[in-house]
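Quick caveat: nothing in here was measured; it's all calculated off a predicted structure.
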Amino acid sequence: MGAAMRRIHVGNALSAFGLGFTVPYLYVYVAQVRGLGAMTAGLVLAVFAVAALVVLPFAGRAIVRRGPLPVLLVALVTAAVGALHLGLAANATAVLLAAVALGAGQAVMQPALATMIVDFSSAETRSRAFATQFFLQNLGLGVGGLIGGHLVDTTRVGSFTLLFAIEAAMFLLLAVIMTAVRMPRSPRIDGAPAQAKGSWKQLLGNRAMVQLCVLGFVLFFACYGQFESGLSAYGVEAAGISTSALGSALAANTAVIVVAQFAVLRFVERQKRSRVIAAVGILWAVAWGVAGYAGLGHGSQAMATAAFVSTYALFGLGEAMLSPTVAPLVADLAPDGMAGQYNSAFALVKQLALAVGPAVGGPLGASLHGPYIVMFLLFSLGISVLAVRLGRELTPVQNQPSLARRSRVVAQGGAPVEAVVPTP
């Protein structure tokens with residue numbers, strides 16, 4: 001790992017650390033501490049998603065034309081301003097405007113940082129780089145949330161202002177760290193501006209990328225989009241889970257990711273990506289089955305709680321398998337110079353799923369317990385089906401990058417040219 005990649009990972013961890021201070025307490029801050037009510041708090045959460053959906057289509061083109069670093073710096077300053085203003089806002093209009101800036105900045109950070117990771121990694125090291133990013137993000141979020149929980153006091157507005165100020169400071173610190181990164185120079189390609197203009201059309205013509213986006217939507221809709229909405233509502237209403245047990249479930253999810261990430265990585269790197277994603281679909285189907293037992297199994301409360309916590313732990317294991325698989329695949333499918341566009345498109349799909357997921361899952365999880373479990377169990381099995389179909393669209397090296405590494409080792413040992421697996 002070079003100095004530039006280390007800076008990117010340290011900055012990533014710091015930004016996640018800052019987010020951890022505020023994300024768990026945003027609803028309480030707007031609705032109760034500022035006294036603006038549940039409706040305004042719900043609008044703030046919706047504004048985050050809407051702001052992301054608006055800016056991401058433009059972010060990809062900006063990254064292609066300007067490079068990821070300038071776009072990242074603008075996003076970080078925007079997010080810092082939004083976070084600071086959110087901590088000081090005292091009325092609904094100010095809160096919503098601050099949420100627009102914070103949501104837009106956060107959304108653009110994702111594809112910009114992902115593109116920088118692509119630029120500073122090779123096909124062989126990319127899975128490990130994205131796994132490290134995911135590990136540090138979860139560690140930063142967990143530590144930030146833990147510390148923030150000890151600092152926050154719902155009777156003092158100033159304690160929340162402090163949390164948002166820390167978040168803003170983390171964004172600005174990341175910006176300072178990133179200014180020391182020197183991006184690798186890539187040769188200019190004749191006709192690049194025209195390529196950028198037609199990038200969305202070019203992306204939609206890539207069947208493998210389109211299928212990956214569909215698969216990504218289902219992944220985020222059926223898992224991440226349910227964590228703090230449908231699944232938590234189901235746990236409270238159907239399984240009688242207490243708020244402390246719900247916190248334990250979320251902690252178990254983070255703990256599994258942090259503990260298992262690099263152990264899982266060794267296994268994932270030797271497998272076909274499509275098979276890994278298909279395995280995650282089956283694993284999550286089991287998780288939904290365990291959740292079904294928690295709420296519908298009529299066992300003891302202790303067993304229901306244990307099953308519910310296990311559900312989040314199983315989801316965490318699947319997330320650890322996906323982090324070195326899906327994001328590197330997006331980069332490998334992108335033509336030269338188009339990684340920013342492809343990362344932004346996939347981030348757009350993710351945000352759309354995270355916006356739709358709670359809207360669909362929340363009411364179902366709270367009231368229609370049996371249909372909710374069956375629906376998302378089937379969605380998880382659908383992930384496996386979509387993954388198998390995606391595998392048919394990938395080249396052997398796109399599906400299993402370790403083949404390229406093996407082919408070079410064989411070639412260096414004097415094997416004939418025919419034994420070498422060609423890279424795309």
Side chain proximity check, [X] to [Y], heavy atoms < 4.5 angstrom:
{"X": "Leu231", "Y": "Trp288", "answer": "yes"}
{"X": "Leu203", "Y": "Phe346", "answer": "no"}
{"X": "Leu314", "Y": "Val256", "answer": "no"}
{"X": "Leu76", "Y": "Leu172", "answer": "no"}
{"X": "Tyr29", "Y": "Phe164", "answer": "yes"}
{"X": "Leu73", "Y": "Met178", "answer": "yes"}
{"X": "Met5", "Y": "Thr132", "answer": "no"}
{"X": "Glu269", "Y": "Arg128", "answer": "yes"}

State the [atom1]-[atom2] distance between [X] and [Y], to the nearest 0.5 angstrom.
{"X": "Asp332", "Y": "Leu394", "atom1": "CG", "atom2": "CG", "result": "9.5 Å"}
{"X": "Ile277", "Y": "Ile282", "atom1": "CD1", "atom2": "CD1", "result": "12.5 Å"}
{"X": "Leu19", "Y": "Leu14", "atom1": "CG", "atom2": "CG", "result": "11.0 Å"}
{"X": "Asn206", "Y": "Glu393", "atom1": "CG", "atom2": "CD", "result": "9.0 Å"}
{"X": "Leu322", "Y": "Ile383", "atom1": "CG", "atom2": "CD1", "result": "8.0 Å"}
{"X": "Met170", "Y": "Phe17", "atom1": "CE", "atom2": "CZ", "result": "6.0 Å"}

Apply side-chain contact (heavy atoms from CB on, under 4.5 Å) to the pair Met375 and Val360, showing each step before the final yes or no.
CA-CA 11 Å; Met375 175 182 175; Val360 174; 3.9 Å; yes
Give me the atom names and distance for the closest heavy-atom approach of [X] to [Y].
{"X": "Leu56", "Y": "Ala107", "answer": "CD2-O, 3.5 Å"}
{"X": "Gln341", "Y": "Gly60", "answer": "OE1-C, 3.6 Å"}
{"X": "Ala83", "Y": "Phe171", "answer": "CB-CE1, 4.5 Å"}
{"X": "Glu319", "Y": "Trp284", "answer": "N-CZ2, 4.0 Å"}
{"X": "Leu102", "Y": "Ala79", "answer": "CD1-O, 3.4 Å"}
{"X": "Ala285", "Y": "Ser380", "answer": "N-CB, 3.5 Å"}

Phe134 vs Phe130, test: ring-ring contact (aromatic ring centres under 6.0 Å, His included). Steps then yes/no.
CA-CA 6 Å; Phe134 190 67; Phe130 277 103; over 10 Å; no
For [X], what residues pass the side-chain hydrogen bond (donor to acceptor under 3.5 Å, both in side chains) criterion, not counting sequence neighbours?
{"X": "Thr78", "result": "none"}
{"X": "Ser344", "result": "none"}
{"X": "Ser15", "result": "none"}

Mark yes or no for whether [X], through its side chain, and [Y], through its backbone, hold a donor-acceptor pair below 3.5 Å.
{"X": "Tyr342", "Y": "Met209", "answer": "no"}
{"X": "Ser127", "Y": "Pro324", "answer": "yes"}
{"X": "Arg7", "Y": "Ile177", "answer": "no"}
{"X": "Arg270", "Y": "Arg266", "answer": "yes"}
{"X": "Thr254", "Y": "Ala251", "answer": "no"}
{"X": "Gln301", "Y": "Gly240", "answer": "yes"}
{"X": "Gln398", "Y": "Thr395", "answer": "yes"}

Worked verdict on Asn12 versus Gln137 for side-chain contact (heavy atoms from CB on, under 4.5 Å):
CA-CA 7 Å; Asn12 226 323; Gln137 279 181 341; 3.4 Å; yes
From Ile63, Val71, Val74, residue fulfilling side-chain contact (heavy atoms from CB on, under 4.5 Å) relative to Val108:
Val71
Worked verdict on Tyr372 versus Phe376 for ring-ring contact (aromatic ring centres under 6.0 Å, His included)
CA-CA 6 Å; Tyr372 176 73; Phe376 284 95; 5.0 Å; yes
Hey, is CZ on Phe262 packed in by over 12 heavy atoms from elsewhere, all under 6.0 Å?
yes
Chi angles and distances behind the side-chain contact (heavy atoms from CB on, under 4.5 Å) call for Phe221, Val356:
CA-CA 7 Å; Phe221 175 77; Val356 175; 3.9 Å; yes
Please lay out, stage by stage, how Thr325 and Arg273 fare under the test side chain to side chain donor-acceptor pair (under 3.5 Å).
CA-CA 6 Å; Thr325 305; Arg273 287 166 166 170; over 6 Å; no
Determine, step by step, whether Glu167 and Leu84 satisfy the side-chain contact (heavy atoms from CB on, under 4.5 Å) criterion, reporting the C-alpha distance in whole Å, the side-chain angles of both residues, the deciding distance to 0.1 Å, and the verdict.
CA-CA 8 Å; Glu167 181 181 32; Leu84 193 58; over 6 Å; no
